[in-house]
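Note sheet for the following structure.
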Amino acid sequence: MRGIYASLMTVCSIFFQLAARSQDSLRNNPLTIAEACRLALDNSTQLKIAGTRTLLAKQQTDIQRLEKLPGISTSFDYGYLSNADAWDPSFSHHFKAGLPHPLTLFEVSATETIFAGSRINNAIRLAALGEQIAFLQQEKNKTDIKFLVIAHYLDIYRLLNQRNVYINNTNLARQRLKNILSLRKQGMVTLNDQLRTELTISDYELTTRKIANGVIELNNQLNMVLGLPDSARLQPDTTLLQQSLAQKTLNELLDDAWRENHELKIAAREKEAAETKIKLLKGERLPEIGLFAQSNLQRPFLNAIPSIDVYYNVWRAGIGIRYDISSIYRSPRKIKAGTISLDLARQQDSLQKQNVQVDVKNAFIRYTESLDERDTYRRDLRSAEENYRSVEKRYFNQLALLTDLIDATNTKTEAEIKLVNSEIGAVYNYYQLLRTIGTL
């Protein structure tokens, strides 16, 4: 009994260790942007809806393709046939004509369209274009979801880096306070220097707590998008800022956008669909020609007087022509409406090209500007750190005032914050450029 109890306790201990380890891995292991995007795509309800729409559009295309196959039908009727009521031509004399009462009708027929003014092919083409549009819309939704995740990811990364800046400056301020307290015991500095340093530490700690709360709020939003538990805390990939970002010219980026942009592809397919719709409408003015074959088994034989109670079979086959006369006055109005729709699609396609060109140029300007800011703030930080070290040294040698040291500290902190924001901003603008192009 003791052995069973010991084994059970061992299994429970291993289980809780694994559970704790899995939570640690969820909380502490770095999560790359690619992994975060994958989790979001797997968890997105919006993307599942878009996938269902794509599947529905594909099914509609398959249904249209079935129109090329022959149509085969059969019917069977079994029942009671009454006697016939008959009258002479003046309807003055009425009499009954006896008929065999058992009724049996069995029919098999097959038809195949051999010409319909390309209506079948155009209907298939139109359905296929609808399928492509649904797929492109799904890909666009993927891009939007990925960019949303990246934006949240980088916001958290930016706040975490800002928190580290304030934590480091808080530690420096505490070390400076120790030195000030030591100097004050020697009567070399005033109480005012001590109090102002303590106020600086208090401000840093308050800002650190506010940033920590902001990180929690963004984590909750990201966890909902990724499908992670509320307790999960993002640890960003620290190598993200060290990764080299691709450098291309504006013309190369525009060429990529003409090929890859989802909005442009959708607009092109919609324009092609409008052209196909006009072809489909023009086909309505043409006759429909088809082959047919039919076999009828019937009882009784009613084409004789008196009727004969026998089974008889008749089959027929040939070619049939059908023409919708109303298309003469209906089709021109439909075609005109289709032409207006085509003009609208062309205008939208042209407008979309202009918007993409402007968006890519603006995104490229923001990206290059963010790189320039990053390089500038790196140089500014080196100057601010050197200035801080110089002023701090002179302050403790009684060659500078506390206000000078506070100004140097604020300048260094501001430079660090600017650099953190510019580094994250450069990565954000890079991904925004990829989104605008359509290659995210």
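In this text, all values refer to a predicted model and were calculated from it rather than measured experimentally.
The neighbour count for Ile328 CD1, taken as heavy atoms of other residues, nucleotides or ligands under 6.0 Å away, is above 12. Within 6.0 Å of CH2 in Trp315 there are 12 or fewer heavy atoms belonging to other residues, nucleotides or ligands.
Between the side chains of Gln162 and Asn421, at least one donor N or O lies within less than 3.5 Å of an accepting N or O. A donor-acceptor contact closer than 3.5 angstrom is absent between the side chains of Gln60 and Glu131. Side-chain contact, Ser326 with Asp324: a donor N or O sits under 3.5 Å from an acceptor N or O.
Residues satisfying the side-chain contact (heavy atoms from CB on, under 4.5 Å) test with Thr439, not counting sequence neighbours, are Glu260, Leu434, Ile437. Residues satisfying the side-chain contact (heavy atoms from CB on, under 4.5 Å) test with Asn192, not counting sequence neighbours, are Thr190, Arg196. Checked against ring-ring contact (aromatic ring centres under 6.0 Å, His included), Phe396 has no partners two or more places apart in sequence or in another chain. Residues satisfying the salt bridge (Lys or Arg N to Asp or Glu O under 4.0 Å) criterion with Arg65, sequence neighbours excluded, are Asp62. Remark: Asp230 pairs with no residue by the side-chain contact (heavy atoms from CB on, under 4.5 Å) rule, at least two apart or across chains. Listed by chain and number, the residues in a ring-ring contact (aromatic ring centres under 6.0 Å, His included) with Phe135 amount to none (sequence neighbours excluded). Partners of Glu416 by side-chain contact (heavy atoms from CB on, under 4.5 Å), not counting sequence neighbours, listed by chain and number: Val165, Asn169, Leu381, Glu385, Lys412. Contacts of Tyr430 classified as ring-ring contact (aromatic ring centres under 6.0 Å, His included), with partners at least two apart in sequence or in another chain: Tyr367. Partners of Tyr166 according to the ring-ring contact (aromatic ring centres under 6.0 Å, His included) rule, which considers only residues two or more places apart in sequence or in another chain, are Tyr204.
The distance from atom CG of Asn223 to atom CG of Asn43, rounded to the nearest 0.5 Å, is 10.5 Å. Here Thr111 contributes atom OG1 and Leu291 contributes atom CG; the two are 9.5 Å apart, rounded to the nearest 0.5 Å. To the nearest 0.5 angstrom, Cys37 atom SG is 12.0 Å from Lys142 atom NZ. Going from atom OH of Tyr153 over to atom CG of Leu226 covers 10.5 Å, rounded to the nearest 0.5 Å. For the atom pair Arg379 CZ and Arg374 CZ, the distance stands at 11.0 Å (nearest 0.5 Å). If you take CZ on Arg330 and CD1 on Ile325, they are separated by 11.5 Å, rounding to the nearest 0.5 Å.
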Between side-chain atoms of residues 339-361 and protein atoms elsewhere (two or more places apart, or another chain), which donor-acceptor pairs fall under 3.5 Å?
residue	atom	partner	partner atom	Å
Thr339	OG1	Ile335	O	2.9
Ser341	OG	Ala337	O	3.1
Asn355	ND2	Leu351	O	3.4

For residues 275-282, which side-chain N or O atoms pair as donor and acceptor with protein atoms under 3.5 Å away, sequence neighbours left out?
residue	atom	partner	partner atom	Å
Thr276	OG1	Glu272	O	2.9

Under 3.5 Å, side-chain donor or acceptor atoms of residues 45-58 against the rest of the protein: list the pairs with distances, not counting sequence neighbours.
residue	atom	partner	partner atom	Å
Thr52	OG1	Lys48	O	2.9
Thr54	OG1	Ala50	O	3.0
Thr54	OG1	Ala134	O	3.2
Thr54	OG1	Gln138	OE1	3.0

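Ala273 approaches Leu126 most closely through the heavy-atom pair O-CD1, 3.4 Å. Of all non-hydrogen atoms in Asp237 and Pro30, the two that sit nearest each other are CA-CB, 4.4 Å. Between Thr61 and Ile124, the closest heavy-atom pair is CG2-O, 4.4 Å. Arg158 and Val420 make their closest contact through O-CG1, 3.8 Å (heavy atoms, listed as atom of the first residue, atom of the second, distance). Shown here for Arg163 and Ile211, the closest heavy-atom pair between the two residues is CB-CG2, 3.8 Å. The shortest non-hydrogen separation linking Ser422 to Leu419 is OG-O, 2.8 Å.
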Item to check | Verdict with reasoning, Glu423 to Arg378, per salt bridge (charged side-chain N to carboxylate O under 4.0 Å, His left out) | outcome: CA-CA 10 Å; Glu423 289 178 335; Arg378 283 175 178 173; 3.8 Å; yes
Checklist entry - Going through the checks in order, is the side chain to side chain contact (heavy atoms under 4.5 Å, CB included) test met by Glu35 and Thr32? => result CA-CA 5 Å; Glu35 292 171 344; Thr32 65; 3.1 Å; yes
Checklist entry - Going through the checks in order, is the side chain to side chain donor-acceptor pair (under 3.5 Å) test met by Tyr377 and Asp372? => result CA-CA 9 Å; Tyr377 290 147; Asp372 182 49; over 6 Å; no
Checklist entry - What's the verdict on salt bridge (charged side-chain N to carboxylate O under 4.0 Å, His left out) for Lys334 and Glu284, showing C-alpha distance, side-chain angles and the deciding distance? => result CA-CA 10 Å; Lys334 294 181 181 179; Glu284 293 181 355; 3.5 Å; yes
Next on the checklist: With side chain to side chain contact (heavy atoms under 4.5 Å, CB included) as the criterion, how do Val108 and Gln294 come out once you've worked through the C-alpha distance, each side chain's angles and the decisive distance to 0.1 Å?
Outcome noted: CA-CA 6 Å; Val108 177; Gln294 189 176 48; over 6 Å; no
Item to check | Stepwise side chain to side chain contact (heavy atoms under 4.5 Å, CB included) test for Lys265 and Ile133 | outcome: CA-CA 8 Å; Lys265 291 181 179 179; Ile133 292 172; over 6 Å; no
Checklist entry - Taking it one step at a time, do Leu181 and Gln194 satisfy side chain to side chain contact (heavy atoms under 4.5 Å, CB included)? => result CA-CA 7 Å; Leu181 291 175; Gln194 174 187 341; 3.4 Å; yes
Next on the checklist: Pair Asn251, Thr249 - check side chain to side chain donor-acceptor pair (under 3.5 Å), show working.
Outcome noted: CA-CA 5 Å; Asn251 290 332; Thr249 65; 5.4 Å; no
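Ion pairing of Lys68 with Glu112 is absent here, as no side-chain N (NZ or NE/NH1/NH2) approaches a carboxylate O to less than 4.0 Å. Salt-bridge formation is detected for the pair Lys248/Asp256: a Lys NZ or Arg NE/NH1/NH2 atom is positioned less than 4.0 Å from an Asp or Glu carboxylate oxygen. Between Arg389 and Glu386 there is a salt bridge, with a side-chain nitrogen of the basic residue lying less than 4.0 Å from a carboxylate oxygen of the acidic one. The existence of a salt bridge linking Glu414 and Lys418 is confirmed by a sub-4.0 Å separation between a basic side-chain nitrogen and an acidic carboxylate oxygen. The pair Lys210-Glu205 does not meet the salt-bridge criterion, since no charged nitrogen lies less than 4.0 angstrom from a carboxylate oxygen.
A donor-acceptor pair is defined here as one N or O able to donate and one able to accept, closer than 3.5 Å; no such pair exists between the side chain of Asn397 and the backbone of Leu399. With hydrogens and angles disregarded, a donor-acceptor distance shorter than 3.5 Å links the side chain of Arg119 to the backbone of Gly283.
Taking the six-membered ring for Trp, Tyr157 and Tyr428 have ring centres at least 6.0 Å apart.
Within the 4.5 Å cutoff, no side-chain heavy atoms of Asn429 are placed close to those of Leu371.
In this pair, Phe76 and Tyr78 present their aromatic rings parallel. The plane angle is below 30°, not in the 30 to 60° band.
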